[in-house]
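Each chain gets a letter, A, B and so on, in the order its sequence line appears, and its residues count up from 1.
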Amino acid sequence: QAQNSIKFGLCYDLSKAYTFVTPQIVQAAKDYATLLNAKGGIEGHPIEILVQDHGNEPQRGIECYEKLKREGVMMFDYLSTPVSRAVLPRHMQDGNVMLQSFVGRGDAVDGDVFKWIFPIGPTYWGQMANDVAYIKSQHKGNLKGVKVGFIYPDYAFGQEPIPVLKTLAAKEGFDLQLFPNPMPGRDQAAVWTQIRRFNPDWVISWNLSAMHVVAAKEMKRNGIPMEKLIVVNWLNEVDINNIGAAEAKGLKRGTNVVGGKDHPLMQQIIKEVYGAGKGAGDAKNLDDIYYNTGLAMYSSMFEGVRQAIKKGGWPLTPAKIKDGLESLRNFDANGFIAPVTVTAKDHGGGGKTRIDMWDGSKWVPQSDWTAAYTDVVDQVVKEQSAEFVKSGK
Amino acid sequence: MLYRRAGIFHTSYADDRRLFPIPFERWAMLALLAIALAAPFMFSSLALTSYIRPWLIWSAAVLGLNLVLGWAGQFHFGYAAIMGIGAYASVHAARHGVPWEIAVVLGGLMATAVGVVFAFAALRVKGLYLALSTLAMQFVMDWVISHVPAISGGVAATLQAPPMRLLGQVVKSEAGTYYVVLAWTVAVTLFMLNLRRSALGRALVAVREKDYAAAVIGVQAFRYKLVAFAASAFIGGVSGSMLIYGFYHAVTAEQFAVNVSIEVLAMVIVGGLGSIIGSFFGTAFILLLPGQMNAFIAWAARSIGLDVGVEALAHIPYMVYGATIILVLLLEPMGLGKLYGNVRNYLMVWPFGYVRK
Amino acid sequence: MEATTANGNLLTLNNVEVIYDGVALAIKGVSLAVPSGGMVALLGANGAGKSTTLKAISGLLKPERGEITRGELHFDGQDIERLMPQQRVRRGIVQVLEGRRVFEHLTPDENLVAASAVTGCNRAEVVRRRDRVYEYFPRLHQRRSSQAGFLSGGEQQMLAIGRALMTQPRLLMLDEPSLGLAPFLVAEIFQIVRRINQKEGLSVLLVEQNAMAALEVVSHGYLMENGRVVMHETAEAMKRNPDIQEFYLGGKEGRDFHQVKHYSRRKRWLS
Amino acid sequence: MDTRTIAPELKVAASAAAATRVLECRDVERRFGGLVAVTGVNLHVDRGEIFGLVGPNGSGKTTMTNAITGFFPPQKGSILLNGEDITGLAPHKVARRGVARTFQNLALFNGMSVLDNILLGRHVHMHPSIWRTALYPWFAKPEEVRNREVVEEIIDFMQLENVRDEHVDSLPLGLKKRVELARALAARPSFLILDEPMAGMNQEEKAYMARFILDARDERGVTVLIIEHHMDIITGICDRMLVLSYGEVIGTGIPREVIADPRVVKAYIGGSHAAQ
Amino acid sequence: MDWMYFLELAVNGALAGLMYALVAIGIVLIYKSSSVPNLAQGALTMLGPYLVLAFAVQAKLSMWLAIPLAMVSMFAVGLVIERVALRRLAGQPVVMILMMTLGIDIFLRATALTVWGGSGRNMPLGISDAPLFLGPLLVNRAYAIGAGVTLVMFALSIFFFRTRMGTVLRAIADDYTASWSVGISVERGVALSWALSSVCATAAGVLWGSVQTVDQSLSLLLLKGITVGVLGGLDSIGGALLAGLLLGILENVASGYLDPLLGGGTRELVVAAVLILTIMVRPHGLFGRQDIERI
Ligand SMILES: Nc1ncnc2c1ncn2[C@@H]1O[C@H](COP(=O)(O)OP(=O)(O)OP(=O)(O)O)[C@@H](O)[C@H]1O
Ligand SMILES: Nc1ncnc2c1ncn2[C@@H]1O[C@H](COP(=O)(O)OP(=O)(O)OP(=O)(O)O)[C@@H](O)[C@H]1O
Ligand SMILES: CC(C)C[C@H](N)C(=O)O
Ligand SMILES: [Mg+2]
Ligand SMILES: [Mg+2]
């Protein structure tokens, strides 16, 4: 028990469906830790990042949790909707902190029910609500009769925003059609034939990286203009490149973090970590928005832990960490993310995103950081968390 | 001469068919059992819960698959689905207040019912075509499990398992859970050992070797294929529940997907078709080796100051997994069980190597 | 018990020993010779090692995990022990396997074509050789395009021999060609083999249980017992040998099986 | 010996004692696609007989035995066993009625020892089940021991003592054939079908085999149908015989007379090798 | 009923199905010539395009040079697989061979991930993405080109099995020992079949890669390929083609009509159901060879 370091357990899918993103996020977490450790860590305690692969299989996530738990880890991140969902009850039972930024499940923002789960930043639900709000703004505030097609890979991550989307469709009266696509989600020709027939005004694509690329190409082959496409945040520079910078023009993306290398934190890392040759990976990944996403995630985590030690002192306990995270106020990591305020009731912290559009050479913000339909999202959150309390699943 | 056989005379036919006719092996078994019983006090909590317990459970499951694959010779690429059915059924039963022991048996029975459906494919086709139809059945089962909310508990849900209970008492301690698991594995192993020396086992092998020759001595291939699939499904179903109650404590559909079927299959084959001890070896190899190799390589790299990226490190287990299969098959196509058998045969006649002819 | 190693022998085996699986000693020092253009029979009880001997010559031991552990194997004056089966076929050694293993899913035509591949001859040559086989076995010609797996036993045996002839061999080794064939077919096949031997000077090594038929066509015979050659005589001498008569030819008059009692055999020729 | 194992056999024997006709085939026809393998075959085998079935290759002998044992049920005609119509019955059911057979191409269970192969012959007299297996010491063991005694007796009879524990695949062909016969006899059949049991054997081994067959008939009361290409065996041990050619009967009766029939000589035996 | 919708689903399904058949032809090729069920075909299909990209992007060669080069390299890969992994298993029960090819599949996939990482790459074949209309019918251009290549491969394979070499390979598939006995070099035959199949996999991988980007998920095409192969009868090239068409049309039409009703994922379900039913009715697939078992 004489442990001096702060251990983070990163149980990630490094080998199957999410390999396009996890290495960058791990790299960001490690680089940030290196940066802080060089200055004595958090309140004098070094950060330790433990990484293990779970192949996006829930049971292996559980295994990872059980193993790292015994190695003294109190904060875990799974970066996967299905895995987070599976491990969640154990966290609830054992009282260990689960970081769940940017992945499902959406109702975990309800701090009353999900005491130990911290989806800091926007959830998929919030992001979806914002997407719909954006569409609404493009239709002069009236969504009646507007046709929205939703294409998603048919598993937990893709299915995640459906409750919110359906509720919104009922509320706003737009015409929603779902287009599930079996995993691995690459062979989309069939789905797009259907989508073209549906003739949507908007297509929301809840895909992951390369699947977006396929989707964009299929859109072209089916003669659907790129402007109609809104994608979830998991699309990066590599994907734009694969679609073709010119071809991708007009594509819109729900965005959670600021991209690019201009931010001071990025600059600092480039100088002090990569400059010193201590980077945890390839420097070219610094161009990748997924790297920024990782930094964003861990900047709020580290800040939370800092608060925890400040308030409760060493040694850390899960309860102290919980306290620390719940005392984040208007934290925006120096403008890296939309400001979050985490409380005991709200573990999300606001859930603001914005819509960016690719203009052929760069991303152009189409809106401010916003959180729309908070009432609707809240309502769905309450419904689902109540359901969780009732059935335990 | 550990394996001394001189001076052992079997004086009755029953004696000739004892489980362990060689005294040394009887002693070895007793010793092993003693270690198994003392394990909670000998190993760390991490080893017990993360390695030994899953290993025991998977070994039981692998024995079940070996029954249908190794003994009856029928391809079964949908074993994970069977395990899943057992797991879901028993969890649902227990959640509805059925006593735990009965819930687990119910899980087994439910799996048996589905296993019998698989058997009907085996009655029509053989070989690769059977492999593919069972694989297709696995897909159908996957779909049913994940798309019928009454089973999976809704889209993307993770069904939490109630705690293990014996006679109404909650089994909470790590040791307690371990003993329950151990009891199940020992029971399955004993069953398989008995199978090897009983008429049922012979009939299964007969069906495997030549079904028409089996028929002519009165073995109804139909019936024994059914029995094989049913028995293995029961073992698989209960093992599936054990996996949930004794290890994961929660069920998800992905937990019993196609790749898991392939993994169990790999365990059986790496262990050796029809080999009981091989099933334990095979499970250990496929389940534990990749992770251990990974840790080892990470450690080795660190100690010589080399930096292996997280990504590469994550892929090593898969390379090891694939390489294990390839190497074992190259070394001894009949699997680790045969390798063990070779060593045993060697020791049996040691130091007189050239006894045959 | 040693083979004549005089010149004019196409094939000589000298003291060859074969072990299966590293443990089972199947033949223990076999020596024999096949003269150029001659026909020789190899007789012996079940499990004596006849097939093993043939496989040692043709190089087919490997797939059964057998290996030659001692002795010399010469064909046409050259050591062939290290050659792969296909190289031996190219030099002119071909074996017709026990139990008529034809390519079941191929037609007789295709069976023959497949066998001609190794010698790399041109299309016209293939057709010529094939027609020659059909000339010897007109029955095959009739069934040339039905699946070989459904041919009757006799037809399959003809096909197997014909297939071997496609490789243009110099030494043809037949492993129990009469197994399970109707009596008149046995006669027919032996006559054909004899004809090929006489017309084309093909050497033949014949393994047979049907000693009566075999000794009719060969000039010399070897007798194997328990992995060893225990007798080497001319066919005439063998036919006259009382032991051969009792154990292989069934006596002069055919035996009354009702009078046979359980007995342990007397192995008169084993020293 | 335990009475329970003998009971079913006694029953068969009792019912058969009334009718002496063990097997009767009436107008049997079997086709494969367009090919007529056998047609219009009538034959009967009486209790205690050794009946020979011969014919050129591809004449339909094996097809006949397959029709009787249920593998390829005839498309026309009927087959009676001890007066009971067994046409179209599944092979394992035919086996349970006291019919055992061996195969032309050998059908031993290669993964097993000689002992286990022969024990499998006892299958119809055993009651394998999951429960018995699970509770082996109490339920299966006595049964195993009982049947083992029967099997040991067969092993003794067939002189297989020294290969009892060998794996069958490493045995020479002749011994395999003997093991297969032992397996067939282990079931205590009333009717035994042998498909070329002596193919690939020399004179001495043939004599051995003939002795076993005769003893099986004389000491065990088995009725035998045997297919052979060795004419000396047929004339030597058969009471009656039947010749098929192109799926049709071309001769039947006492062996010495049948093989002298010019039609038979022409279709089957050929010129000079009549004695083989 | 909207016939145009049906037709469009059917036509595009047929094209996709033909591309599945392209993966299946590789499997059939090996099975037909050595009785080895190849479950590593998926990994080969992934490896091929990676090599093409390695030549085209890393070595900066033209695409039309890179593809033949990759094919040659894949030919070698096929030879190596036979030599290292399969030669020892000749004559072993089919389960072990099955497992061996699975092991190769897993190993190759992990290796590719280690070497090339997880993010997708473009396969720039220069196929235009502009919509292609046949009258009122929209045809997926990339798939149409793939289907064309499949037909060419199909014709080549059929022709190949008519040649003497093809006959020899079929003989090998029938009986290894008998092949040895007449001097056929079984090892070389099997190696050749693997090599050809690897080349076929490269073609399939490049085409699929251009449709769905190149990354490890290409190896998952194995499932489609093997399904088509089995459905057609594992040793029938024509069967693979027909089964591909059938399956492609069926899954597309079914998902077009059923997905909205059942809430997704029916494609896999329908494929599985069709496979099970067909095999139950025809145990050797549509055109597979019958086992000849003489009792
Ligand atoms: N693959 C094998 N593995 C082990 N032992 C073998 C193998 N093949 C043959 N044997 C053994 O080698 C010995 C000789 O066998 P072989 O087949 O050469 O005899 P044979 O004279 O041809 O007999 P048959 O008349 O049965 O054909 C036998 O004892 C047999 O058991
Ligand atoms: N399963 C089958 N499918 C198609 N044809 C068959 C089948 N079984 C047998 N035949 C054909 O039926 C005919 C009779 O065959 P059968 O095996 O009965 O002959 P046989 O008299 O036993 O010959 P042999 O003495 O060579 O064993 C042959 O022409 C054979 O090709
Ligand atoms: C990291 C992401 C790819 C995770 C994924 N979006 C999920 O929630 O499942
Ligand atoms: Mg032999
Ligand atoms: Mg026959």
- prompt: When rounded to the nearest 0.5 angstrom, what is the spacing between OG1 in Thr163(E) and CZ in Arg123(C)?
  reply: 9.0 Å
Is any side-chain heavy atom of [X] closer than 4.5 Å to a side-chain heavy atom of [Y]?
X	Y	answer
Glu187(E)	Gln86(C)	yes
Val182(E)	Met166(C)	no
Val126(C)	Arg164(E)	yes

message: Surrounding CZ of Arg87(E) (heavy atoms of other residues, nucleotides or ligands, distance under 6.0 Å), is the total greater than 12?
response: yes
- line: Between Trp180(E) and the options Val89(C), Leu60(C), Leu97(C), the side chain to side chain contact (heavy atoms under 4.5 Å, CB included) test singles out Leu60(C)
field: Name of the residue among Arg101(C), Glu104(C), His105(C) meeting side chain to side chain contact (heavy atoms under 4.5 Å, CB included) with Asp175(E)
entry: Arg101(C)
- prompt: Which bit of Ala90(E) comes within less than 4.5 Å of chain C, counting heavy atoms only: side chain, backbone, both or neither?
  reply: neither
Side chain, backbone, both or neither: which part of [X] has a heavy atom under 4.5 Å from chain E?
X	result
Gln87(C)	neither
Thr167(C)	side chain
Gln95(C)	backbone

field: Leading residue by heavy atom contact count with chain E [cutoff under 4.5 Å; candidates Ser116(C), Pro169(C), Gly59(C)]
entry: Ser116(C)
task: Please determine, among Ala115(C), Pro85(C), Gly149(C), the option with the most heavy-atom pairs under 4.5 Å with chain E.
output: Gly149(C)
- prompt: Where do Asp174(E) and Phe103(C) come nearest, in terms of heavy atoms and distance?
  reply: OD2-C, 2.9 Å
message: Between Glu110(C) and Thr167(E), do the side chains contain a donor N or O and an acceptor N or O under 3.5 Å apart?
response: no
